[in-house]
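What follows is one structure encoded as structure tokens, with my remarks underneath.
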Amino acid sequence: MAGNEPSVNFGNISGNNTFAVGSHAHAESHHHHGAGGAAPQLDEATQQLLAAVRELRADLAERVRGTDQTATLDEALAETESEITSTGQAGRTRRERLRELLSDSQALVTFLASAGALAGLLGM
């Protein structure tokens, strides 16, 4: 190894450390500090939406034969649940996507009370 070659040494990297290596490396860190890393506060409407999303996901898993359509709906529901639990809200485009998927699943909305409840919360 030649003496003028760069070297990189890492010491203790436990904890909330961020680092990058290389001539064009870029490291970015976002730490959210709150009440002990608690989940974001949800307003009542968002709490109801989250509960309806979870209930419909459970009903899809337990009561409906899986199809490509129900798998797509479940994936959108999972993404919505994740977004709500991480940010405290479901974005407009996320809610629009759920409306679209539920509109395409009118038989499901009629059959499952949980689907009907979610549709109502989405303004359908």
Side-chain angles (χ1 to χ4, degrees):
M1 177 172 185
N4 61 354
E5 287 187 30
S7 65
V8 177
N9 295 311
F10 294 102
N12 180 358
I13 58 170
S14 63
N16 291 324
N17 298 306
T18 305
F19 55 89
V21 177
S23 61
H24 299 290
H26 174 77
E28 201 171 309
S29 179
H30 301 277
H31 299 282
H32 301 280
H33 301 284
Q41 293 294 321
L42 306 179
D43 62 29
E44 186 176 337
T46 304
Q47 288 175 1
Q48 291 175 349
L49 180 62
L50 180 59
V53 163
R54 288 176 171 165
E55 185 176 351
L56 180 52
R57 287 195 74 207
D59 280 350
L60 287 176
E62 295 172 10
R63 301 177 65 194
V64 177
R65 180 178 47 87
T67 65
D68 289 343
Q69 187 177 22
T70 58
T72 300
L73 177 57
D74 183 61
E75 182 179 330
L77 291 167
E79 290 169 354
T80 302
E81 182 177 356
S82 178
E83 182 175 1
I84 291 172
T85 57
S86 65
T87 69
Q89 63 183 344
R92 183 179 54 82
T93 55
R94 177 95 47 215
R95 292 187 315 267
E96 288 172 357
R97 176 71 175 138
L98 286 177
R99 280 188 205 101
E100 177 185 308
L101 290 170
L102 288 171
S103 290
D104 292 346
S105 305
Q106 280 302 314
L108 185 65
V109 172
T110 303
F111 175 69
L112 293 175
S114 58
L118 179 58
L121 290 170
L122 293 170
M124 294 178 65

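Atom set for the values below is all heavy atoms of this structure, side chains included, hydrogens, waters and symmetry mates excluded.
Glu96 meets the salt bridge (Lys or Arg N to Asp or Glu O under 4.0 Å) test with Arg92; sequence neighbours excluded. Contacts of Asp68 classified as side-chain hydrogen bond (donor to acceptor under 3.5 Å, both in side chains), with partners at least two apart in sequence or in another chain: none. Under the side-chain contact (heavy atoms from CB on, under 4.5 Å) criterion, Ala117 pairs with no residue, sequence neighbours left out. Considering only residues two or more places apart in sequence or on other chains, Asp59 meets the side-chain contact (heavy atoms from CB on, under 4.5 Å) condition with Glu55, Arg63, Leu112, Ser114. Applying the side-chain hydrogen bond (donor to acceptor under 3.5 Å, both in side chains) rule to Thr87 yields no partners; only residues at least two apart in sequence or on another chain are considered. Every salt bridge (Lys or Arg N to Asp or Glu O under 4.0 Å) that Arg94 has, sequence neighbours left out, goes to Glu79, Glu83. Applying the side-chain contact (heavy atoms from CB on, under 4.5 Å) rule to Ser86 yields no partners; only residues at least two apart in sequence or on another chain are considered. For Thr72, there are no side-chain hydrogen bond (donor to acceptor under 3.5 Å, both in side chains) partners two or more places apart in sequence or in a different chain.
Looking at every heavy atom in both residues, Gln47 comes nearest to Leu42 through NE2-O, 3.1 Å. Of all the heavy atoms in Pro40 and Thr85, the pair that sits closest is CD-O, 3.2 Å. Among all heavy-atom pairs drawn from Thr46 and Gly88, the shortest one is CG2-O, 3.6 Å. Considering every non-hydrogen atom in both Leu49 and Leu122, the closest pair reads CD1-CD2, 4.0 Å.
The CG atom of Leu98 sits 10.5 Å away from the OG atom of Ser103 when rounded to the nearest 0.5 Å. Between the CG atom of Leu56 and the CD atom of Glu81 there is a distance of 11.0 Å, given to the nearest 0.5 Å. In this structure, CG in Leu101 is found 11.0 Å from OG1 in Thr70, a value given to the nearest 0.5 Å. Taking OG1 of Thr80 as the start and CG of Leu50 as the end, the distance is 10.0 Å to the nearest 0.5 Å. Atom CZ of Arg57 sits about 12.0 Å away from atom CD of Glu62, to the nearest 0.5 Å.
Sorted by first then second residue, the salt bridge (charged side-chain N to carboxylate O under 4.0 Å, His left out) pairs that include residues 100-124, not counting sequence neighbours, are Arg97-Glu100.
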